[in-house]
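Notes to accompany the following structure.
Every heavy atom of this structure was used, including side-chain atoms; hydrogens, water molecules and symmetry mates were not. Start at 1 and go down the list; that is how both ligands and their atoms are numbered. Remember, it's a predicted structure, so these values are computed and weren't measured experimentally.
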Amino acid sequence: MRVILLGPPGAGKGTQAGLLAGSVSAAHVASGDLFRKHLGEGTELGKLAKQYMDHGELVPDDVTIKMVLERIGAPDAAEGYVLDGFPRTIEQAKALDAALAGQAQEIDLTPLIEVETEELVRRLTGRWICRACQTPYHEFSAPPATPGVCDACDRELYQRDDDKPEVVRARLETYERQTAPLVAYYERQGKLVRVDGEQAIERVTADLRAALR
Ligand code: AMP
């Protein structure tokens, strides 16, 4: 199963991709997490990516495409994957389609998780994430049992630099300008299904599972 979760920042792609991938033994491939890993390791790619991430802008297509195509070529993605945060431009989508076509493969489905802008801002600015396992929490709607500590692995939670209000606004604008056109792109391929992302997490997961069946 090869799936792309589409939707704006804060729609719940990371949460849902993690749940879906876990239940169908597919790899969860999140381009933002890959960049943050590079950043943490201080690689050249990490340093380059940071310049864009700090401003809510997209990292250039060439390096992003190379990084993600390499990742989905890894053995744990051979049975399938749930892509989260990639593609984010038409050029990335075309590069992915071309790479898959070269192996007689294709994307099966691209669910779009829809959430109103006001709700996205509320979610992103209150978000806390585990440094170790990336589990997301929210200070109001999904707080951890102990403040600042991950329920799943007991490690420290942190707030992403790019979840600050001014960067959040820039990220949402970037989404509208560069990523939203992907909706029509996958609609034309007959792969788009719309899911209401303002429901409870379990309801969204159930709708996604139903779509995938
Ligand atoms: P995310 O964790 O998906 O919200 O991504 C965090 C940041 O990483 C984005 O705001 C971009 O700067 C960068 N990024 C992640 N995925 C991509 C992508 N597919 N193309 C370009 N930049 C990306």
Side-chain angles (χ1 to χ4, degrees), residues 2-18 20-21 27-41 43-72 81-100 107 110-113 115 117 119-131 133-138 157-183 185-186 197:
R2 284 175 286 270
V3 171
I4 297 168
L5 285 191
L6 293 174
K13 298 189 300 297
T15 301
Q16 297 297 338
L20 279 182
H28 173 193
V29 176
S31 44
D33 287 349
L34 295 175
F35 283 130
R36 278 183 289 278
K37 186 158 180 281
H38 276 278
L39 228 143
E41 291 169 354
T43 67
E44 286 307 310
L45 176 56
K47 285 178 203 154
L48 174 84
K50 184 172 163 46
Q51 298 170 25
Y52 298 91
M53 294 170 83
D54 282 352
H55 298 102
E57 291 163 10
L58 296 187
V59 180
D61 282 333
D62 52 351
V63 290
T64 303
I65 290 166
K66 183 168 178 286
M67 175 184 76
V68 175
L69 291 184
E70 263 170 35
R71 174 64 189 90
I72 62 178
Y81 41 79
V82 181
L83 284 173
D84 153 17
F86 181 93
R88 256 178 160 97
T89 63
I90 295 283
E91 188 166 342
Q92 292 177 14
K94 286 182 175 166
L96 177 65
D97 279 349
L100 289 177
I107 294 296
T110 62
L112 169 66
I113 307 179
V115 173
T117 305
E119 172 65 8
L120 295 172
V121 173
R122 195 189 67 78
R123 288 185 184 184
L124 291 167
T125 52
R127 181 161 75 166
W128 288 78
I129 298 168
C130 174
R131 263 194 209 287
C133 71
Q134 315 300 328
T135 301
Y137 296 87
H138 192 278
L157 303 184
Y158 79 108
Q159 199 160 29
R160 281 171 46 173
D161 286 343
D162 60 351
D163 281 345
K164 288 185 216 131
E166 62 279 14
V167 187
V168 162
R169 270 192 298 279
R171 288 164 65 203
L172 293 172
E173 280 166 25
T174 299
Y175 174 81
E176 283 306 324
R177 200 172 57 245
Q178 291 179 270
T179 308
L182 291 179
V183 172
Y185 178 87
Y186 288 114

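Enclosure of atom CD in Glu57 by more than 12 non-hydrogen atoms of other residues, nucleotides or ligands within 6.0 angstrom is indicated.
A salt bridge links Glu70 with Lys66: the closest approach of a Lys/Arg side-chain nitrogen to an acidic carboxylate oxygen falls below 4.0 angstrom. With salt bridges taken as basic N to acidic carboxylate O contacts below 4.0 Å, one links Lys47 and Glu44. Taking 4.0 Å as the cut-off between side-chain N and carboxylate O, Glu166 and Arg169 do not count as a salt-bridged pair. Checked for salt-bridge contact, Arg36 and Asp33 meet the test: a charged N lies under 4.0 Å from a carboxylate O.
Protein residues with a heavy atom closer than 4.0 Å to ligand 1 are Ser31, Gly32, Phe35, Arg36, Met53, Glu57, Leu58, Val59, Thr64, Gly85, Phe86, Arg88, Gln92, Arg160, Asp162, Arg171, listed by chain and number.
For the pairing with Phe86, the side chain to side chain contact (heavy atoms under 4.5 Å, CB included) check across Ile65, Leu5, Ile4 returns one residue only, Ile65.
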